[in-house]
Amino acid sequence: MAFTKDLKRRNVLQKEVYFALKGGYDLGAQPAVRVVKKVCDAYAALKGNIRAGNLGREGSKRRLRAESKPIRFREDAAQPFDDRILTWNLDARTVSI
């Protein structure tokens, strides 16, 4: 969605995909927001690498390949967690992620 609609800013992308992420993947609010941020950060890193010339000159094969397809994450890629994602139940001695 970010690539096809050119939505690289967090608030704009989040507005477009938030409810679909929550419903389609059974995610809570905070994990859905973190997924959107991870995608936006990846596109920002790609843009920075292009500007720095790390992917070659304009029109180079490597740069064209990087710009022409959406960013993909490995299935086993790490996901960010923070204290808003964890639930502690001390009485039952459980932690929920």
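- Between Lys8 and Asp6 there is a salt bridge, since at least one side-chain N of the basic residue sits less than 4.0 Å from a carboxylate O of the acidic one.
- Here the straight-line distance linking atom NZ of Lys61 with atom CG of Leu55 works out to 14.5 Å at 0.5 Å rounding.
- Residue Phe3 qualifies as enclosed at atom CZ: its count of foreign heavy atoms under 6.0 Å is above 12.
- Linking ILVMFWY side-chain heavy atoms closer than 4.5 Å, directly or via other members, places Tyr25 and Met1 in a single hydrophobic cluster.
- In this structure, Val33 is not a member of the same hydrophobic cluster as Val12, with clusters built from ILVMFWY side-chain heavy atoms closer than 4.5 Å.
- A continuous path of hydrophobic side-chain contacts links Ile71 to Val39 [ILVMFWY only; heavy atoms under 4.5 Å].
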Please report the C-alpha distance between Gln79 and Arg34 in whole Å, then the side-chain angles of each, then the deciding distance to 0.1 Å, and finally whether the side-chain contact (heavy atoms from CB on, under 4.5 Å) criterion is met.
CA-CA 8 Å; Gln79 297 300 318; Arg34 301 301 299 171; over 6 Å; no
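- To the nearest 0.5 Å, the span separating CG on Leu13 from SG on Cys40 amounts to 4.5 Å.
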Assess whether side-chain contact (heavy atoms from CB on, under 4.5 Å) is satisfied between Val17 and Val36, documenting all intermediate values.
CA-CA 8 Å; Val17 301; Val36 170; 3.8 Å; yes
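- Nearest heavy atoms, Tyr43 versus Pro70: OH-CA, 3.4 Å.
- The shortest non-hydrogen separation linking Arg63 to Arg57 is CD-O, 3.5 Å.
- Geometric assessment of Lys38 against the ring of Phe73 yields a positive cation-pi assignment under the 6.0 Å and 45° thresholds.
- Residue Ile50 holds its CD1 atom at 10.0 Å from CD of Glu58, rounded to the nearest 0.5 Å.
- The CG atom of Leu27 sits 9.0 Å away from atom NZ of Lys22, with the distance rounded to the nearest 0.5 Å.
- In plain terms, the two heavy atoms of Gly59 and Leu64 that are nearest each other are O-CD1, 3.4 Å.
- Taken to the nearest 0.5 Å, the CZ atom of Arg10 stands 7.5 Å off from the NZ atom of Lys37.
- With values rounded to the nearest 0.5 angstrom, Leu46 atom CG is found 12.5 Å from Asp41 atom CG.
- Val95 and Leu90 sit in two unconnected hydrophobic clusters of ILVMFWY residues. Membership requires side-chain heavy atoms under 4.5 Å apart, directly or through other members.
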